[in-house]
Number of protein chains: 2
Amino acid sequence: MAEKRRVAILGSTGSVGTQTIDLIAREPETYQVVALTAHRNVQRLAEQAYALRPELVVIADESQYGEMKEAVAGLKVEVAAGAAAVVEAAQRESDWVMAAIVGAAGLPSTIAAAKRGAKLAFANKETLVCAGPLMMDLVVKHNCTLLPVDSEHNAIYQVFDEKHREGISHLIITASGGPFRTLTREQMAVVTPEQAGKHPVWNMGAKISIDSASLMNKALEVIEAAFLFQMPSEKIEVLMHPQSVIHSMVAYKDGSTLAQLGTPDMRIPIGYCLAWPERMETPAAKLDLAKIGSLTFEAPDPVKFPTLRLGREAMAMGGTAPAVLNAANEVAVQAFLDGHIGFLDIAAIIEETLAHVGAAALTDLDVLAQADEAARRFAGERVDGRR
Amino acid sequence: MAEKRRVAILGSTGSVGTQTIDLIAREPETYQVVALTAHRNVQRLAEQAYALRPELVVIADESQYGEMKEAVAGLKVEVAAGAAAVVEAAQRESDWVMAAIVGAAGLPSTIAAAKRGAKLAFANKETLVCAGPLMMDLVVKHNCTLLPVDSEHNAIYQVFDEKHREGISHLIITASGGPFRTLTREQMAVVTPEQAGKHPVWNMGAKISIDSASLMNKALEVIEAAFLFQMPSEKIEVLMHPQSVIHSMVAYKDGSTLAQLGTPDMRIPIGYCLAWPERMETPAAKLDLAKIGSLTFEAPDPVKFPTLRLGREAMAMGGTAPAVLNAANEVAVQAFLDGHIGFLDIAAIIEETLAHVGAAALTDLDVLAQADEAARRFAGERVDGRR
């Protein structure tokens, strides 16, 4: 790269954001940070601003504007606050955008970046699960390069021959299987939130742990992959692979299966997106298969893990159904974490919500918000009915 | 492909040749066979000619010319015989050539195909092991597309990003490890030819079995890969992987390792080469990792398998040294099969031959032939000294 790549990082103080910055800081000759946004971590955002000298910093929580302004008083940098300013950060001229804001809050800025045809790395699940058709229309229309950060989709992206896509047979998403892989359905019925994750300390980590235990994370990844790679969900398999060394695969019709492998370090997919289409050095440990010794695989049990079927049903329903699935899951998982329902109730509530709320045509973000709300309300009622 | 791909198959009656034809016969709308050559299997070559209607058939063994002529008397086809005619078949206008002639006999026709800048699939080991620098010069000069059929090199080719090759860290060639993988060096000293292969019935199969048992096949593959991918041999690792599902890998500097996996069916790499850069359906069984269950890996033992070191030493010596290594190995393996030397003597004789014959600058095929002859003579003497 002759000229510096100008980058914007939306959600710079979160896990993906800080790892992105860790990599950028190693190659100051290659990258120039244009804009940083954070939710409300003023102190870390200010530290990042001092280190990287962006043109713009945005704090999403407007109540923190004064504090933010003060924290970077020593710098020549624009300071803004609020949700609209986050979108403006995405709209600002840059070569590359990292969309790493968690949850539905990340949607408007991700869409704004897509609309200007940026190279867009995204770690925001809702972008495709909930708004897949809308997002992909924008991606095509504005010639946006969508680079997936999620390790499974990043793996597929690395071995997906877009130019000869008619040669692709199917995709294989690998799953660690989570903590309940070896339990029976009877044992699953009585698990506690504590068993579902090693560190169910704070809510976000707990949510991911439960999604991993129920395989809902894979159901959502199948949906994401279907939109991102424009493949029918029937052609996206899930394969249990407890070591999580093979991050996912693409099977071609000649019998070749191409895979991306690596140590479990998010700096690998983030670095891939950052340097794309070139490659950068990352501090990730080198993969040592001789040391690992053995990789194992098994088919997921459809009875123990009904979430995989529910994900496919939501895709078949189309429109807002995947957003309904996602919202119902969030409500049910929270209820499980709060001790109000059992583990197996999660899938049951999702299924009931999908059946009751159904699917509407996904015409715009308002329709999406309505479906999300309806799903949360109904799922909440189903939780109350079980308490 | 709008127009039919015009193909020539050099060595059409051998294992790779017949599998190539098997695939072509499945897509008569896509491929047009221009020329077929065989060593001396008149009957099979005639059958292929009747099925595929080439413009030219060549039988390399001149004494079979009359019989060949007669066997295809009912067809409108040119018939020729002799080594020069095989080269002419390679020179004839076609889009794609399969160079599947075994041994040094395949070299002139492979080179002829390279010189006219064909898309050149090659299953001929000597092309790169013995004549690597000469061949690669021609490939670059004549803008030839060299497509490797060998499953390891084909795997690497599928995941080797030539356009961004500076992003590549190293290559990993997998090895089944052969029948003696779990033996001690003491046990290896007394193995018999029968133990070295399940079917040491006919010479070619036995040779491959012994090369697999000594890991010399991997030493030669490292040399081939070094030339084909223009990578220093220090950056080409060998990894034991008894299940042979991962056929080889490319490690990138960001920590990503890309791999090609598949069932052990040569129609997969052959089909890849045939359809390149597109993909074709092949009858190869679909890879079922859940059914396979487990893939294992271990580092090769350098004491038990000195051939790996000898291969690297030959590469470091350069010039004709890899050809000397290959010739000495052929002589030593034959002596082992004939019961004249022990299994561990194979590597010892190769090492002595490399040290004695040394390396000459590889200026042309005559120099190559001289080095080959000198190596065979010296290795033969070392065999005699042990009888």
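Convention: sequence-line order gives letters A, B, ...; per-chain numbering from 1.
Neither side chain, B:S294 nor A:T296, offers a donor N or O lying under 3.5 Å from an acceptor on the other. For the residue pair B:S256 and A:Q158, a side-chain donor N or O sits within less than 3.5 Å of a side-chain acceptor on the partner.
Counting heavy-atom neighbours within 6.0 Å of B:K253 NZ, excluding the residue itself, gives a total above 12.
Side chains of B:E166 and A:R279 form no contact here, defined as non-hydrogen atoms less than 4.5 Å apart.
Contact count versus chain A (heavy atoms, under 4.5 Å) is highest, among B:K163, B:K291, B:K286, for B:K286. Comparing B:G167, B:G293, B:A251, B:A299 by heavy-atom pairs within less than 4.5 Å of chain A, the highest count is held by B:G293. Chain A forms the most heavy-atom pairs under 4.5 Å with one residue out of B:G262, B:A259, B:P269, B:A285, and that residue is B:A259. Comparing A:L258, A:V245, A:V159 by how many heavy-atom pairs each has under 4.5 Å with chain B, the most go to A:L258. Ranking B:V250, B:T282, B:T257 against chain A, the residue ahead of the rest is B:T257, based on heavy-atom pairs under 4.5 Å.
Distance CD/A:Q260 to OH/B:Y252: 11.0 Å, rounded to 0.5 Å. Once rounded to the nearest 0.5 Å, the distance linking CD of A:E278 with CG of B:D254 reads 12.0 Å. Within the model, atoms CG of A:L295 and CG of B:L289 stand 9.5 Å from one another, a figure rounded to the nearest 0.5 Å.
Within the 4.5 angstrom heavy-atom criterion, only side-chain atoms of A:L287, from C-beta onward, approach chain B. Looking at A:M249, only its side chain comes within 4.5 Å of chain B, counting heavy atoms on both sides. Proximity to chain B is limited to the backbone of A:E298, based on heavy atoms less than 4.5 angstrom apart. In this structure, chain B has a heavy atom under 4.5 Å from the side chain of A:L239, while its backbone stays farther away.
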Between B:F297 and A:D288, is a side-chain contact (heavy atoms from CB on, under 4.5 Å) present by the stated rule, with each step listed? CA-CA 9 Å; B:F297 307 90; A:D288 186 344; over 6 Å; no

